[in-house]
Amino acid sequence: MGLGLQVRWLTIFTSMTVTVRSFAKINLGLCIGGAREDGFHELLTIYQTIGWHDVISVRVSSGRGIEIRCSDPRVPKDESNTCYRMVEKAMSALQAKGRVVVDIEKRLPVQGGMGGASSNAIAALLALERVIKKSLPAEERLRIAGEVGSDLPLFLVGGTVLGLGRGEQVYPLEDLPRTACVVVMPEVGVSTPKAFADWDRIMKGSAADKLAGGFRLRPAGQPRAGRELIEGALPTRVSSAKLTMAGASDRMTELGRALSVWLSKSYSGAPRSERGRAENLLLELVRAGIKNDFEEVVFPDYPELSEGKCALERVGAKYASLSGSGSTLYGLFAAKGATRAAAKKLRGQGWAAQATVTLTRRQYWKRIFVERG
């Protein structure tokens with residue numbers, strides 16, 4: 001028994017370094033539901049991984065502790081870093097000991113709505129497992145990822161992914177065709193907590209309108225006055241919070257239907273060529289009216305983001321949107337060649353722009369590890 005306890009923890013002695021591409025994501029539609037008791041919001045979105053990426057390198061040696069290295073001063077190096085938290089949890093779950101060094105080569109925007117920090121954490125986990133030659137079960141990976149952050153689990157799936165709950169419940173969808181993309185990065189920072197708070201304020205205002213609507217729409221022939229009329233128009237204990245939740249639920253249902261119709265049409269009856277499928281996909285995406293709810297609260301505060309979306313549309317994007325809560329915007333194009341010209345034109349207009357492409361699940365996993373010669 002004593003010997004069993006002594007060898008339970010695996011002590012790592014290796015100079016091996018593993019390097020992983022940490023791919024970004026965009027959101028193809030994002031619906032914000034009601035606030036939950038845990039402080040988060042219900043979300044409905046389709047995540048899509050893209051080819052633009054950071055680079056994460058991990059090595060483990062004798063000793064203890066976790067060190068985060070990154071030349072970008074905006075990236076935290078302490079326990080608040082998602083890579084740090086992921087490695088800490090993974091080392092405990094894997095029952096491994098050693099000193100872990102994580103190097104982050106930052107290319108993606110910091111807090112730009114592309115899941116950069118979350119993707120970094122998953123890349124660190126995958127690299128760590130390869131270094132110590134020991135892997136967590138898939139269910140354990142997802143559980144730990146969800147504990148560290150809401151959109152980490154999607155990077156354990158890749159490709160086209162349905163996100164529910166607070167975003168941590170992920171379900172792989174049939175991959176959308178490889179689609180050309182241009183990313184625009186305005187030089188503004190968006191506070192996600194403030195964006196959610198602004199959204200809640202709008203929804204409460206909508207609920208108040210519904211209460212007032214109950215007063216105005218009292219059926220004729222049933223005269224009442226003041227409070228008695230309002231109480232007669234609505235159930236006794238209906239609150240603005242419940243109306244907000246009900247409205248949010250209705251909206252999520254509507255978006256769910258729109259996404260279902262869009263995804264169905266993008267496959268059934270679509271042309272056989274990859275380019276033909278992409279063109280059909282973009283056409284149906286626009287027709288379905290799928291959008292990101294954050295645009296309603298972020299664009300009024302940051303007019304340059306609305307301008308960036310319009311700039312993408314002017315250079316030929318068939319569909320343009322905010323990613324996450326921003327500040328990054330993206331545009332989808334029917335042809336890859338068009339993105340290079342579009343990105344060049346946008347840069348000439350003063351925008352920071354990057355041409356890239358969406359990744360299918362197979363492409364995501366095929367390209368994720370960097371083979372060192």
Criterion side-chain contact (heavy atoms from CB on, under 4.5 Å) on Gln48 and Thr179, from CA distance to verdict: CA-CA 10 Å; Gln48 175 63 56; Thr179 305; over 6 Å; no
Report yes if the side chains of [X] and [Y] come closer than 4.5 Å at any heavy-atom pair, otherwise no.
X: Leu164; Y: Leu44; value: yes
X: Ile26; Y: Leu332; value: yes
X: Leu128; Y: Met86; value: no
X: Leu152; Y: Leu125; value: no
X: Lys291; Y: Glu296; value: yes
X: Tyr47; Y: Pro153; value: no
X: Val131; Y: Val100; value: no
X: Leu126; Y: Trp365; value: yes

State whether the side chain of [X] and the backbone N or O of [Y] hold a donor-acceptor pair below 3.5 Å, judged by distance alone.
X: Ser323; Y: Thr328; result: no
X: Thr160; Y: Leu173; result: no
X: Ser135; Y: Glu129; result: no
X: Tyr364; Y: Val157; result: no
X: Arg178; Y: Val357; result: no
X: Thr19; Y: Val370; result: no

Taking atom [atom1] of [X] and atom [atom2] of [Y], what is their separation to the nearest 0.5 Å?
X: Phe299; Y: Glu307; atom1: CZ; atom2: CD; answer: 10.5 Å
X: Leu359; Y: Leu176; atom1: CG; atom2: CG; answer: 12.0 Å
X: Trp351; Y: Met185; atom1: CH2; atom2: CE; answer: 11.0 Å
X: Leu346; Y: Leu312; atom1: CG; atom2: CG; answer: 5.5 Å
X: Ile104; Y: Ile68; atom1: CD1; atom2: CD1; answer: 5.5 Å
X: Ile66; Y: Arg85; atom1: CD1; atom2: CZ; answer: 11.5 Å

Stepwise side-chain contact (heavy atoms from CB on, under 4.5 Å) check, Val298 with Asn292: CA-CA 10 Å; Val298 172; Asn292 183 336; over 6 Å; no
Quick check: closest heavy atoms across [X] and [Y], and the distance to 0.1 Å?
X: Ser80; Y: Pro76; answer: OG-CB, 3.5 Å
X: Cys70; Y: Lys77; answer: O-CE, 3.0 Å
X: Tyr330; Y: Leu322; answer: CE2-O, 3.9 Å
X: Arg99; Y: Arg64; answer: NH1-O, 3.5 Å
X: Ile122; Y: Ala145; answer: CD1-CB, 4.0 Å
X: Val161; Y: Leu154; answer: CG2-O, 4.4 Å

If the condition is side chain to side chain donor-acceptor pair (under 3.5 Å), which residues does [X] pass it with, not counting sequence neighbours?
X: Arg74; value: Asp72
X: Arg143; value: Glu140, Glu147
X: Ser325; value: Thr192

Intermediate values then yes/no, side-chain contact (heavy atoms from CB on, under 4.5 Å), Asp78 and Tyr84: CA-CA 7 Å; Asp78 59 12; Tyr84 188 109; over 6 Å; no
Qualifying residues under side chain to side chain contact (heavy atoms under 4.5 Å, CB included), relative to Ser150, sequence neighbours excluded: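 So Ser150 forms a side chain to side chain contact (heavy atoms under 4.5 Å, CB included) with Phe40, Arg166.
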side-chain contact (heavy atoms from CB on, under 4.5 Å) between Glu139 and Leu142, worked out: CA-CA 5 Å; Glu139 295 82 358; Leu142 286 167; 5.9 Å; no
Where at least one partner belongs to residues 100-125, residue pairs that pass side chain to side chain donor-acceptor pair (under 3.5 Å), sequence neighbours excluded: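 Found Ser22-Ser119, Ser22-Asn120, His53-Arg107, Asp54-Lys106, Asp54-Asn120, Arg59-Asp103, Glu105-Arg107, Lys106-Asn120, Ser118-Asp151.
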Salt bridge flag under 4.0 Å for residues Lys204 and Asp200: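 Answer for the salt bridge query: no.
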Cluster overlap Val101 with Leu94, hydrophobic side-chain contacts below 4.5 Å: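 Different hydrophobic clusters.
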Pairwise salt bridge (charged side-chain N to carboxylate O under 4.0 Å, His left out) hits with a residue in residues 332-361, at least two apart: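 As it turns out, the salt bridge (charged side-chain N to carboxylate O under 4.0 Å, His left out) pairs with a partner in residues 332-361, which skip direct neighbours, are Asp175-Arg361.
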